[in-house]
Each structure stands twice: as C-alpha cells, then as structure tokens.
Amino acid sequence: MTSRLTINRTRATKVFLSAFLILIAAIAVYAFLILKHDPSFVDLNERLLPMSWQHPFGTDHLGRDMLTRILLGFQLTVGYGFLALLLAVAIGVPIGVIAGFKGGLVDRLLMRVADAFLAFPDTVVAIVLSGLLGAGIENLLLAIILVKWVNYARLARSTVVTERQKDYITMAKINGLSEWRIMWKHLFPHLIGHILVLASLDLGKIILLISSLSYIGLGAQPPAPEWGAMLNEARPYFQTVPALMIYPGLAIVTVVLLSNLLGDYLRDKFDVKKEVAE
Amino acid sequence: MTLLSVQNLTVQAGEVPLVKGISFDVQKGEWLAIIGQSGSGKSVSASAIGRLLAPNLKAQGKALYNGKDILQFGAKEMRRLRGTSISYIFQDYQGSFTSFHTIGRHFEEFLKAHFKLSKAQRREMAEQALESVGLQPEMYTRYPFQLSGGQLQRSSIALALLTKPDLVIADEPTAALDSISAAKVLRLLADLQQKTGCAMLFITHDLRHVRKHADQIIVMKEGEIVEKGDKQSVLDQPQHAYTRSLMAASPSLSAASQLLKGDDTSCVYCN
Ligand SMILES: Nc1ncnc2c1ncn2[C@@H]1O[C@H](COP(=O)(O)OP(=O)(O)O)[C@@H](O)[C@H]1O
Ligand SMILES: [Mg+2]
C-alpha cells in the first residue's frame with residue numbers, strides 16, 4: 001500500500017516537473033522568437049501597459065516588456081544561483097573528502113574553520129559581506145559561496161568517515177593503490193548521490209537569498225532584470241499595477257518550489273534522508 | 001623457516017586492551033588457523049599485522065616479517081609489502097569491491113600499481129587469475145552486484161593471489177557464504193595454497209574449517225592466546241577448558257562437507 005503511494009507520488013512529481021519545464025520552454029520560445037523584445041528598451045509611451053498579445057505580461061514603469069524581463073531574470077537569478085552552488089560544491093567537497101580521509105590534525109583544522117563559518121546564519125554573513133565589499137551581484141555570489149561551502153565540506157566529510165571503514169577501502173589500500181586514487185576513484189562515486197540531493201535542496205535557498213538581497217538593494221542592481229531587483233523597482237506601483245510585483249514574485253516561488261521538488265525526488269531516489277536531515 | 005613472527009602484540013582502544021600481548025610464528029608455507037568466538041580479537045590482531053587498524057586503535061609489540069618489523073615500516077615499504085608479499089581475504093566479499101567498478105577494473109588498478117606491464121598483458125594476467133579460481137574470463141567485465149557470493153569471494157581470492165604473496169591472511173572468508181559454497185571456497189583455498197606454496201593465516205570461529213586443512217592451531221579468548229600447537233594435539237587433547245567448549249559447540253561433519261565428500265575435484269569450482 002505504502003509503496004504504491006510512493007510510486008504514484010514520484011510519478012506525479014515527474015509529470016509536474018516535466019509539464020513545468022515544457023511550459024517555460026514554450027513561453028521562452030514565444031518571447032524570444034516571435035516577440036523579440038529588448039529587455040532594457042525604454043519606451044515611456046508604453047509605460048504600465050496591461051496584458052496584450054504584443055506584451056503578454058504587460059510593460060513596466062519604463063515601458064519595458066515584462067515577459068522578456070521575467071524570462072531573462074530566470075537566466076540571471078537561477079544562473080547565478082547555479083554558479084554559486086557549483087563553486088560552493090567545488091570548494092567544499094574536496095576539503096571535506098581530504099579532511100575525512102586524512103583524519104587527525106588536517107581534519108580537525110579544516111573542520112574548526114568550517115565550524116567558524118557555520119556559527120553565523122547565511123543571511124547575516126551575506127548582508128555583512130555585501131555591505132563590506134559593496135553592493136553588486138558578484139560580491140553577493142562571493143558571500144553565498146563563503147556561507148555554503150561549509151555544508152558540502154561537512155557532508156562530504158561525514159560520508160567519507162563512514163565509507164572509509166568499509167572493506168573496499170581497506171582492500172584498495174591492501175592492493176597498494178595510492179591515496180589519491182582511492183579518494184577519487186573509489187570513495188568519490190559514493191558521495192555524488194548525497195551531494196546532488198543537498199545541492200538541489202540548496203538551489204532554492206540560494207535563489208531566495210539572491211532575490212531577497214537584490215530586493216533590499218545589496219545584490220543585482222537595476223536595470224538588471226533580476227527578480228528581486230524587479231520586485232524592488234515595482235514597489236511604487238504596488239497599488240496601481242500589482243502585476244509588476246506578482247510576476248517576479250510568482251517566478252521566484254515557482255523556481256524555489258521546483259528545486260525543492262527536484263530535491264525531494266532525488267532524495268527518494270538515493271534514499272539518503274538521514275544524512276540530509278543531520 | 002619463520003616467515004612471520006608476532007611478538008607480544010598488544011592492541012588498545014584508548015585505555016581498553018583488545019589484544020593482550022599475543023605471540024606466535026607463521027612458518028613458510030604452513031596453514032595456521034586462529035579460532036575463537038566472535039569478539040575475541042582475531043580480526044583486530046590480523047589488521048594490526050597488516051597495519052590496517054581503525055584510527056582509534058594503537059598497536060604495540062613486534063610483527064617481524066622475514067626479520068623486519070612491519071609495525072615500523074614507512075608508507076612506501078608498506079605499500080610494497082601489501083601489494084606483493086601479504087594479501088588479505090575478507091568475510092564481507094560484497095564490501096570488498098567498489099560497487100561502481102567492474103571486477104576487471106579492480107585487477108587492472110592493482111596490476112598497474114605494482115607492475116610495468118602492457119594493457120594486454122594485464123588483461124591476460126587478470127583473466128588467467130579468474131580462471132585459476134574457476135571463473136569464466138567473462139567475469140572481467142561484470143560489476144560486483146552481477147556476481148553471486150561464491151563468485152565474488154572467488155574473485156577476491158584471485159585478486160589476493162595475483163602477485164603470488166608469501167602470506168595470505170584470510171579473515172573468516174567463508175562465514176558469509178552458504179555452507180556448500182563455503183566448503184568449495186575452502187577447498188579452492190587449500191588447492192591454491194598447495195600450488196603456490198604461500199603461508200595461510202586463516203581466521204575462523206568455526207572448528208569445522210580447521211579440521212581438514214590446518215597445520216597449526218591457535219585458540220584465542222578475550223584478546224589472549226589460551227592454547228596453541230599442531231592440529232592433532234589441539235584437537236585430540238585440548239588442554240584448555242575453553243577449547244573443549246568450542247569443540248562441544250561445533251557440530252561434527254556438516255551435511256555440506258558430507259555432500260562434497262564424494263564428488264571429484266573438477267566440480268569443486270562449479271557454482
Ligand atoms: N575500532 C574499534 N574500536 C574499539 N573497539 C573495537 C574496534 N574494533 C574492534 N573492537 C573490539 O575489539 C574486540 C575484538 O574484535 P574483533 O577482533 O573484531 O573480534 P573477532 O575475534 O570476532 O574478529 C571486540 O570486543 C570489538 O568490540
Ligand atoms: Mg572478526
């Protein structure tokens with residue numbers, strides 16, 4: 001009974017995910033191939049237009065096409081989120097693997113550094129760093145990487161510490177393989193599943209962080225079509241043209257939701273609930 | 001001639017002694033069995049000899065291999081020793097292979113680490129090794145999960161004997177197999193030992209495995225050796241009460257070895 005329910009749920013998630021991807025792709029094709037708007041083209045004669053075939057989501061306070069900006073915002077927000085995530089993984093995982101595999105002093109040193117980073121909440125570090133380094137999407141990315149690598153280092157380390165005890169590692173040692181080889185060829189494949197799950201759950205959080213910091217003016221700067229920044233720009237028109245805030249808001253919610261669904265799906269697939277919960 | 005001489009070996013977890021000063025010798029080409037119920041420190045002793053202890057365990061004493069103390073070896077010497085002179089076979093054959101790599105890749109990596117051979121030579125050597133334990137060469141391209149338990153354990157034996165080591169340490173290699181596969185693997189090990197002339201340090205909790213093949217027997221209890229001697233004297237006139245209780249607990253000839261008694265050697269390797 002339970003197993004049938006799980007299967008149905010996973011399948012529903014799959015259908016849901018693919019439907020959304022197709023929808024987004026269709027809208028993007030329509031906007032970029034048929035409408036061909038310039039996202040930063042200002043036309044004050046066309047300010048705050050309602051929906052039409054020409055401007056499916058209307059235009060904003062400077063007469064720019066909303067749909068084009070939302071879609072380009074996807075590229076910006078999700079793209080940067082992805083980049084930050086990738087770099088955090090690329091930094092965190094090797095550190096964690098080395099700490100876990102070497103043990104001893106190296107391990108303690110690396111993990112104390114990680115603890116220090118972990119002691120501050122993400123948002124606070126990001127705000128402080130953006131404040132210190134100056135507002136801008138690059139500095140925001142740097143802040144996010146600094147905050148996030150720790151999670152990957154810890155996950156990699158704890159996985160390595162449990163795997164290290166197993167016979168195949170002992171066997172590889174007995175067979176005289178180099179430590180480097182054991183780490184990357186034998187241990188690493190066991191890590192990928194865990195990392196993937198954590199990463200897809202993190203993607204949503206990072207996107208939210210980028211958007212919220214851009215909203216308060218610390219991330220992407222106008223006229224960049226970043227969703228958080230767009231929300232901020234639309235604030236004065238909140239009462240007259242609420243659509244200007246609804247579209248970027250919906251976009252953020254959708255993407256975060258999708259990345260969480262993807263994370264859940266991967267988690268079920270790799271069944272690593274415990275490690276992620278820790 | 002003494003191949004390995006363990007002298008006053010102690011292993012501690014912090015302050016807790018797990019192995020309490022054991023001493024024994026392994027002669028060239030002999031089959032030495034260590035028996036004792038689980039938890040008596042057999043595996044820990046064997047790991048200490050190969051410097052494979054968990055990081056929280058510390059070994060003291062000596063393990064002289066051809067007169068040189070393994071416990072004092074540097075990383076490089078250790079790698080050479082493990083690759084070419086001492087090899088291990090474990091109980092958990094499933095866990096002995098990296099699940100993402102084919103059986104062949106394990107052989108390939110091993111040979112690459114120790115020999116200067118061409119790719120074709122390595123492949124040929126690996127396939128010969130697989131055949132020598134009664135497996136088809138096709139197993140080379142299979143993944144661990146595609147093999148049965150007996151086949152996997154055979155592969156790990158092939159891998160362990162690949163470089164013709166002088167000493168094979170087998171830590172309960174048959175404990176996770178069904179009794180028929182276990183009896184076959186045991187006979188395979190005995191055959192290969194005869195052929196290659198390696199010494200065997202065979203760890204088991206099961207007296208049945210000792211009766212047939214062992215030359216010498218060591219009985220361990222709570223980290224100490226309570227009795228040692230040649231097979232006949234230990235089995236026929238056990239001195240220690242613990243040995244007698246082990247013998248009482250072990251059933252006589254099992255159905256499996258009864259079954260195997262009649263069949264010819266050509267079928268020993270079939271699965
Ligand atoms: N890494 C470890 N840390 C602490 N105690 C251990 C460790 N490994 C084994 N032990 C303990 O050492 C004792 C002997 O274990 P072992 O040598 O595995 O027994 P066996 O004779 O069954 O092979 C057991 O009591 C076990 O709990
Ligand atoms: Mg054991």
Side-chain angles (χ1 to χ4, degrees), chain A residues 93-112 154-197 266 269-272 275, chain B residues 43 46-47 49-57 75-101 103 105-115 143-144 152-153 155-157 159-160 162-163 165 167-169 171-173 176:
Chain A
V93 171
I95 289 181
V97 170
I98 290 170
F101 196 76
K102 291 272 180 196
L105 198 66
V106 183
D107 183 23
R108 263 175 288 164
L109 201 72
L110 289 174
M111 283 305 117
R112 283 303 82 79
R154 295 194 76 92
L155 177 64
R157 180 186 172 274
S158 67
T159 316
V160 169
V161 165
T162 36
E163 291 291 325
R164 191 179 61 182
Q165 318 265 335
K166 297 196 179 158
D167 278 346
Y168 70 91
I169 299 295
T170 317
M171 208 64 185
K173 273 188 200 159
I174 291 167
N175 290 349
L177 305 188
S178 69
E179 291 203 333
W180 194 249
R181 226 194 146 74
I182 297 176
M183 267 195 258
W184 297 116
K185 300 284 171 165
H186 292 254
L187 259 177
F188 192 64
H190 291 266
L191 265 175
I192 294 176
H194 302 228
I195 301 289
L196 221 58
V197 173
L266 287 175
K269 206 165 169 68
F270 289 103
D271 198 32
V272 283
E275 281 92 334
Chain B
S43 298
S47 311
I49 294 167
R51 297 269 297 274
L52 296 167
L53 286 174
N56 66 326
L57 303 182
K76 211 169 163 190
E77 275 177 298
M78 205 57 225
R79 259 185 69 176
R80 188 161 345 109
L81 181 79
R82 281 175 187 157
T84 56
S85 308
I86 297 186
S87 59
Y88 275 80
I89 301 164
F90 291 108
Q91 167 180 351
D92 178 17
Y93 48 81
Q94 222 100 42
S96 297
F97 291 91
T98 302
S99 45
F100 301 95
H101 298 177
I103 299 295
R105 182 149 170 204
H106 289 84
F107 282 87
E108 171 81 6
E109 279 188 326
F110 183 33
L111 288 171
K112 230 174 168 172
H114 295 286
F115 299 99
Y143 283 90
L152 269 180
Q153 195 57 298
S155 311
S156 72
I157 291 171
L159 197 56
L162 193 59
T163 52
L167 176 64
V168 174
I169 298 179
D171 191 350
E172 313 223 19

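Given the structure is predicted, the values throughout are model-derived calculations rather than measurements. Residue numbers begin at 1 in each chain, while the letters A, B, ... track the order of the sequences.
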Name the region of [X], side chain, backbone, both or neither, that has any atom closer than 4.5 Å to a heavy atom of chain A.
X      : result
B:I89  : neither
B:F100 : side chain
B:R51  : neither

Quick one: does [X]'s side chain get under 4.5 Å of [Y]'s, heavy atoms only?
X      : Y      : answer
A:I174 : B:F90  : yes
B:T98  : A:M171 : no
A:K185 : B:H101 : yes

| What are the two closest heavy atoms between B:R82 and A:K173, and how far apart are they? |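 Closest heavy-atom pair between B:R82 and A:K173: CD-O, 3.7 Å.
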| request: Report the distance from atom OG of A:S178 to atom NZ of B:K112, rounding to the nearest 0.5 Å. | output: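 The OG atom of A:S178 sits 11.0 Å away from the NZ atom of B:K112.
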| Using a cut-off of under 4.5 Å for heavy-atom pairs, which of B:H114, B:Q91, B:R79, B:R105 has the most such pairs with chain A? |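 Max contact count across the listed options: B:R79.
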